[in-house]
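These values consider heavy atoms only, across backbone and side chains, with no hydrogens, waters or symmetry-generated copies. Letters A, B, ... mirror the listed sequences (proteins, then strands); counts begin at 1.
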There are 2 protein chains.
Amino acid sequence: MKPEIAPTTEPLSKARLRVWLKLLKTVNGVETGIRRNLRDDHQTTLPRFDVMSALARFSDGLKMSELSKFLKVSNGNVTGIVDKLSEEGLVLRVAVPGDRRAQIARLTPKGLEAFEELAEHHESWINNLLEGLSVDDIETLSSTLDVVLSHQAEKE
Amino acid sequence: MKPEIAPTTEPLSKARLRVWLKLLKTVNGVETGIRRNLRDDHQTTLPRFDVMSALARFSDGLKMSELSKFLKVSNGNVTGIVDKLSEEGLVLRVAVPGDRRAQIARLTPKGLEAFEELAEHHESWINNLLEGLSVDDIETLSSTLDVVLSHQAEKE
DNA sequence: GCCTAAAACTTTAAACTTAAAATATTTTAA
DNA sequence: TTAAAATATTTTAAGTTTAAAGTTTTAGGC
């Protein structure tokens with residue numbers, strides 16, 4: 001008697017690869033949309049928005065190194081972005097009392113105002129781009145992503 | 001009698017924003033892992049891998065413009081990457097008979113061999129990074145992403 | 001106090017990216 | 001046939017990103 005042949009299913013590893021590519025495609029698509037909106041409607045960029053967003057969240061400001069760690073980008077990168085935002089009066093560099101090496105980046109009132117305007121639009125763009133997702137979809141998706149994220153956190 | 005106050009739930013728009021940020025964080029984490037692996041274990045980069053991957057899929061090669069369209073990057077971008085890969089003997093530029101403007105980029109045997117090595121490792125990295133995801137998780141995730149992707153496709 | 005190591009930034013070099021201009025070739029249409 | 005438009009690609013200029021090197025300042029150990 002021939003051995004039973006199990007129905008050939010795609011190996012889990014291939015399925016994971018496939019869903020990864022889909023994940024990447026989805027996120028790239030959304031991100032491209034956001035970048036375009038930021039550029040066309042507000043003459044700004046995603047990295048600038050990210051910096052402003054971080055500084056808005058920490059209203060006392062962040063040291064340059066804290067900012068780069070929070071955003072997971074290099075130190076040199078935030079230097080450049082904060083330079084530009086400073087020139088435009090949206091961000092201020094404040095000396096840290098007692099440590100002349102360090103500087104704190106803070107939003108100016110003008111910067112905060114600009115960010116709030118951006119944030120409102122940003123939320124609405126995202127809402128459009130993710131229009132099909134129900135509360136249940138979101139809940140399930142969120143749990144699934146938590147699995148991956150906690151796995152990432154372990155490895156650090 | 002007082003009117004019933006519905007329990008204040010987070011607006012759908014905020015929930016979508018929140019899950020978007022989580023999606024972004026997840027994908028960035030995985031992508032960072034892949035880039036690090038490509039660099040540390042194979043002295044290469046993600047854009048190079050992407051180009052090789054596209055050329056491996058189309059074994060007859062792709063015109064430069066087809067390649068840039070497929071990868072959704074600019075023409076000039078692939079020119080530079082293909083230049084480098086050519087110098088290293090991994091990719092070949094072939095004239096298109098009947099159209100002297102066009103060129104077809106193809107993997108060399110050496111390039112194909114290098115890619116297959118990379119692809120095997122890549123699949124295993126992804127498999128590790130997405131380790132917690134079951135077949136069911138993947139199925140559900142895939143359907144959810146399809147919702148967003150089809151919405152994206154509409155807008156083009 | 002003085003020297004070394006660590007910390008906080010900035011600068012630099014290399015790779016990637018895009019949009020726009022430039023080049024070469026092919027197609028269209030008058 | 002030939003001028004104009006379209007196509008395929010490369011080149012260029014400007015900007016982003018990172019890792020690594022460089023600068024300044026602080027903290028410890030002797």
If only atom types and distance count, is the side chain of S68(A) paired as donor or acceptor with the main-chain N or O of S65(A) below 3.5 Å? yes
Relative to the ring of H122(B), is the ring of F49(B) parallel (under 30°), tilted (30 to 60°) or perpendicular (over 60°)? tilted
Would you mind writing out the side-chain donor-acceptor pairs for residues 87-94 of chain B within the sub-3.5 Å range, not counting sequence neighbours?
{"from": "E88(B)", "atom 1": "OE1", "to": "R48(B)", "atom 2": "NH2", "distance (Å)": "2.8"}
{"from": "E88(B)", "atom 1": "OE2", "to": "R48(B)", "atom 2": "NH1", "distance (Å)": "2.9"}
{"from": "R93(B)", "atom 1": "NH1", "to": "D83(B)", "atom 2": "OD1", "distance (Å)": "2.9"}
{"from": "R93(B)", "atom 1": "NH2", "to": "D83(B)", "atom 2": "OD1", "distance (Å)": "2.9"}

K72(B) NZ to dT18(C) C1': how many Å, rounded? 17 Å
D146(B) and K22(A): salt bridge (Lys or Arg N to Asp or Glu O under 4.0 Å), yes or no, with the steps? CA-CA 8 Å; D146(B) 282 337; K22(A) 192 176 277 194; 2.7 Å; yes
Got a donor-acceptor contact below 3.5 angstrom from the T79(B) side chain to the N75(B) backbone? yes
Rounded to whole Å, please give me the gap between NZ in K69(B) and C1' in dT7(D). 11 Å
Determine whether a donor-acceptor pair (N or O, by modelled atom type, separation under 3.5 Å) exists between the side chain of S150(A) and the backbone of V147(A). yes
Would you please confirm or rule out a distance under 4.0 Å between OP1 or OP2 of dA8(D) and any side-chain N or O of R93(B)? no
Base, sugar-phosphate, or nothing for K84(A), non-hydrogen atoms under 4.0 angstrom? sugar-phosphate
Going by heavy atoms closer than 4.0 Å, what residues in residues 85-92 of chain A are next to DNA chain C? none
Between D50(B) and S53(B), is a side-chain hydrogen bond (donor to acceptor under 3.5 Å, both in side chains) present by the stated rule, with each step listed? CA-CA 5 Å; D50(B) 288 341; S53(B) 180; 5.9 Å; no
With a 6.0 Å cut-off (strictly less than), is the heavy-atom count around CD of Q43(B), excluding the residue itself, greater than 12? yes
Determine the contact category for V73(A): base if any of its heavy atoms lies under 4.0 Å from a base atom, sugar-phosphate if only primed atoms, P, OP1 or OP2 are that close, otherwise nothing. sugar-phosphate
E113(A) side chain vs K110(A) backbone, donor-acceptor pair below 3.5 Å: no
side-chain hydrogen bond (donor to acceptor under 3.5 Å, both in side chains) partners for S74(A), two or more places apart: none
Length of the line joining L62(A):CG and dC9(C):P, which is rounded to integer Å: 10 Å
Kindly point out which of dA8(D), dC9(C), dT18(C) is positioned nearest to the side chain of Q103(A)? dC9(C)
Are there any protein N/O atoms within less than 3.5 Å of an N/O atom in nucleotides 26-29 of chain C, and if so, which ones and at what distance?
{"from": "dT26(C)", "atom 1": "OP1", "to": "R100(B)", "atom 2": "N", "distance (Å)": "3.0"}

How many angstroms lie between CG in L62(B) and CZ in R106(B), if you round to the nearest 0.5 Å? 10.5 Å
Give a yes or no answer on whether the side chain of S143(A) reaches the backbone of E139(A) with a donor-acceptor pair at less than 3.5 Å. yes
Under 3.5 Å on both distances, the Watson-Crick or G-U partner of dA30(C): dT1(D)
Is the distance from OP1 or OP2 of dT17(C) to the nearest side-chain N or O of S74(B) less than 4.0 Å? no
Rounded distance in Å - CG (N75(A)) to P (dT17(D)): 14 Å
Contacting residues from residues 24-49 of chain A, given that a heavy atom lies under 4.0 angstrom of DNA chain D: P47(A)
I'd like to know if the side chain of Q103(A) reaches the main chain of M64(A), judged simply by a donor and an acceptor atom lying under 3.5 Å from each other, with no hydrogens or angles considered. no
side-chain hydrogen bond (donor to acceptor under 3.5 Å, both in side chains) between S134(B) and D137(B), worked out: CA-CA 5 Å; S134(B) 69; D137(B) 290 336; 3.2 Å; yes
Return the residues of residues 76-83 of chain B meeting this criterion: a heavy atom under 4.0 Å from some atom of DNA chain C. Order them by number, or give none. G76(B), N77(B), I81(B)
Closest nucleotide among dT18(C), dC9(C), dA8(D) to the K63(B) side chain: dA8(D)
